[in-house]
2 protein chains.
Amino acid sequence: MASVDRSLVANLPMFAGLAPAEQDELLREARSIRYPKGSAVFDQGAKADHFYLLLHGHLRVEKVTLQGQQSVVRYVSGGELFGVAQAMNLTHYPATAVAAVDSIALAWPSSSWNRLLTKYPSLASSALQTVGSRLQDTQARVLEMSNEQVEQRVAHALLRLAKQAGRKVDAGVEIDFPISRQDVAEMTGTTLHTVSRILSAWEQQGLVEGGRQRIVLRDANRLHVLAEGDEGALNRKPNP
Amino acid sequence: MASVDRSLVANLPMFAGLAPAEQDELLREARSIRYPKGSAVFDQGAKADHFYLLLHGHLRVEKVTLQGQQSVVRYVSGGELFGVAQAMNLTHYPATAVAAVDSIALAWPSSSWNRLLTKYPSLASSALQTVGSRLQDTQARVLEMSNEQVEQRVAHALLRLAKQAGRKVDAGVEIDFPISRQDVAEMTGTTLHTVSRILSAWEQQGLVEGGRQRIVLRDANRLHVLAEGDEGALNRKPNP
DNA sequence: TCGGAAATTTGCGCGAGAGCAAAGAGCGCT
DNA sequence: AGCGCTCTTTGCTCTCGCGCAAATTTCCGA
């Protein structure tokens with residue numbers, strides 16, 4: 001197995017605050033693994049025997065309930081730490097991570113987590129920050145689900161995806177991996193039917209451009225207006 | 001200001017893995033503060049200048065959106081670390097913490113967080129675990145909001161509250177602090193009207209016992225059935 | 001002890017969006 | 001090149017639970 005060059009990862013948050021020699025040492029303990037599109041990095045309920053850093057690609061993290069309903073928890077993009085179940089004292093992964101496109105990740109054995117933590121205290125900070133910002137995102141989602149209509153939630157979800165994994169194209173910003181209406185529905189707590197209807201309507205208004213597993217944001221500004229619930233800013237009557 | 005006796009806190013998760021001398025040292029840096037019922041420990045948006053350990057009481061953590069809608073993020077009970085914004089690299093508190101009953105907390109200056117982290121590496125683990133289990137809870141809530149009906153969500157919320165802050169009474173398990181229908185609504189993403197209706201119905205069936213800012217679970221088992229969505233297990237027709 | 005504010009209960013009507021059904025479109029695989 | 005599977009679109013109906021309104025109860029402080 002080839003070792004990973006430090007220059008690829010040196011400026012990721014996880015490696016900030018480490019001397020080059022330490023970075024090399026940390027890298028030497030990791031294996032680099034390729035995950036073809038559609039394959040699982042780990043499965044919900046499996047023993048949490050590794051933690052990972054995504055080098056390249058995008059993962060969809062999904063979770064199924066006892067009753068069998070599935071939800072998309074989040075997407076992981078390059079440079080992010082994931083699968084850190086061990087750090088939260090979980091023995092098993094609470095969700096499944098599937099490659100949305102061909103991806104590459106570094107894997108460390110969970111068993112070395114505590115040792116690494118002691119050896120490189122800055123790891124603790126970066127893990128805390130990773131988990132912390134995930135907590136912020138998740139709480140934001142709870143607020144959205146509590147207080148917003150479906151249309152606003154979908155707008156928020158798309159804007160978040162574009163920010164995290166948007167690729168500029170001539171027509172606007174395209175989500176940089178295949179994503180179905182069903183996926184969006186599972187991110188926003190609605191049905192693929194409703195998402196499809198909403199996107200169709202938006203497409204007619206020139207807000208987005210759709211396609212099979214493909215979404216392009218054409219007018220992020222107007223989407224923001226929708227997302228923030230400035231209700232009817234566009235179709236409000238002149239004299240209320 | 002009186003110093004806090006180690007015996008009060010020695011077996012809390014936060015102090016596990018520290019030698020008694022270290023525990024004393026850590027305690028010496030903290031101030032003990034009393035928060036009368038209804039007062040705020042910190043406000044959403046304020047500078048995150050302290051982090052806390054709740055010694056006694058219960059706090060309600062709430063968050064308002066840009067549009068002014070309020071939600072209850074969670075309740076904090078005795079022994080829990082909270083207000084650790086600094087640890088997640090936030091400069092301001094993302095929510096407000098209000099004493100639901102008269103409470104007492106230890107406060108450390110945020111500025112010493114990093115120093116303490118270096119000095120007591122086990123702090124990192126306990127903070128990670130605190131934040132991690134909060135993340136688990138919050139994600140569970142997202143799943144609930146995505147996939148469950150209001151009635152199931154309310155059942156889940158009450159069971160979680162009972163587990164975290166339940167007090168055994170003759171009639172069942174009572175939530176150990178004043179909590180209004182409005183509060184439950186803000187935890188479950190519904191309205192106080194709907195919560196009131198649900199609780200009234202449950203009271204007639206002998207599942208719960210209500211009162212002003214008071215909820216007693218009389219039959220946790222049947223509530224569990226409701227929560228897990230075993231739809232109509234009780235009113236299902238003999239021959240479907 | 002009494003007055004008033006806050007919390008709770010309950011009725012009624014409506015609308016967002018889920019559920020069901022079926023047709024249409026795009027892509028991969030042989 | 002063509003077949004078939006998956007993804008998407010769209011129509012229709014029905015229901016859960018929200019919004020509004022008003023009565024009632026409970027507690028706290030003067």
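None of the values given here were measured: they were computed from a predicted structure. Computation of the quantities below employed the complete heavy-atom set of this structure, encompassing side-chain atoms and omitting hydrogens, waters and symmetry-equivalent molecules. Chain letters run A, B, ... following the sequence lines, proteins first and then strands; every chain starts at 1.
The salt bridge (Lys or Arg N to Asp or Glu O under 4.0 Å) test applied to B:R212 returns no partner, not counting sequence neighbours. Legend: residues meeting salt bridge (Lys or Arg N to Asp or Glu O under 4.0 Å) with A:E148, ordered by chain and number and at least two apart, are absent. The salt bridge (Lys or Arg N to Asp or Glu O under 4.0 Å) test applied to B:R167 returns B:E174, B:D176, not counting sequence neighbours. Considering only residues two or more places apart in sequence or on other chains, B:R134 meets the salt bridge (Lys or Arg N to Asp or Glu O under 4.0 Å) condition with none of them.
One atom, CE of B:M145, and another, C1' of D:dC16, lie 15 Å apart when rounded to the nearest Å. When the C1' atom of C:dT9 is taken as reference, atom CH2 of B:W202 falls 17 Å away, rounded to whole Å. Between the CD1 atom of B:I215 and the C1' atom of C:dA7 there is a distance of 12 Å, given to the nearest Å. One atom, CD of A:E203, and another, C1' of D:dT10, lie 14 Å apart when rounded to the nearest Å. As rounded to whole Å, 12 Å separates atom P of C:dA16 from atom CD1 of A:I198. The nearest whole Å value for the distance from the CG atom in A:L199 to the C1' atom in D:dT10 is 14 Å.
No donor-acceptor distance shorter than 3.5 angstrom exists from the side chain of A:Q86 to the backbone of A:A48, with no hydrogens or angles considered. For B:N147 (side chain) and B:L143 (main-chain N/O), a donor-acceptor pair under 3.5 Å exists by modelled atom type.
Pairs passing the side-chain hydrogen bond (donor to acceptor under 3.5 Å, both in side chains) check and including a residue from residues 192-202 of chain B, sequence neighbours excluded, read B:E151-B:W202, B:T191-B:T194. Listed by first then second residue, pairs satisfying salt bridge (charged side-chain N to carboxylate O under 4.0 Å, His left out) with a partner in residues 43-52 of chain A number zero, not counting sequence neighbours. Sorted by first and then second residue, the pairs that involve residues 53-74 of chain B and meet salt bridge (charged side-chain N to carboxylate O under 4.0 Å, His left out), not counting sequence neighbours, are B:R60-B:E62, B:R74-B:E80. The list of ring-ring contact (aromatic ring centres under 6.0 Å, His included) pairs with a residue in residues 132-184 of chain A, not counting sequence neighbours, reads A:H58-A:F177, A:Y75-A:F177.
The environment of A:H224 atom NE2 is sparse: at most 12 non-hydrogen atoms of other residues, nucleotides or ligands sit within 6.0 angstrom.
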Any N/O pairs under 3.5 Å between the protein and nucleotides 28-30 of chain C? List them or say none.
none

Extract from the structure each pairing of a protein N or O with an N or O of nucleotides 17-19 of chain C at less than 3.5 Å, listing the distance.
residue : atom : partner : partner atom : Å
C:dG17  : OP1  : A:V150  : N            : 2.8
C:dA18  : OP1  : A:T190  : OG1          : 3.1
C:dA18  : OP2  : A:T190  : OG1          : 2.7
C:dA18  : OP2  : A:T191  : OG1          : 3.2
C:dA18  : OP2  : A:T194  : OG1          : 2.5
C:dG19  : O6   : A:R197  : NH2          : 3.3

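In this model, the phosphate group of D:dT10 is not approached by any side-chain N or O of A:S196 to a distance below 4.0 Å at OP1 or OP2.
A ring-ring contact (aromatic ring centres under 6.0 Å, His included) with A:F42 holds for exactly one of A:Y93, A:F51, A:Y35; it is A:Y93.
In this structure, CG in A:L207 is found 10.5 Å from CZ in A:R218, a value given to the nearest 0.5 Å.
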Item to check | nucleotides 24-30 of chain D: protein proximity per nucleotide (B base, S sugar-phosphate only, - neither; heavy atom, under 4.0 Å) | outcome: --BS---
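Sorted by residue number, the members of residues 169-187 of chain B with any non-hydrogen atom under 4.0 Å from DNA chain C read B:S180, B:R181.
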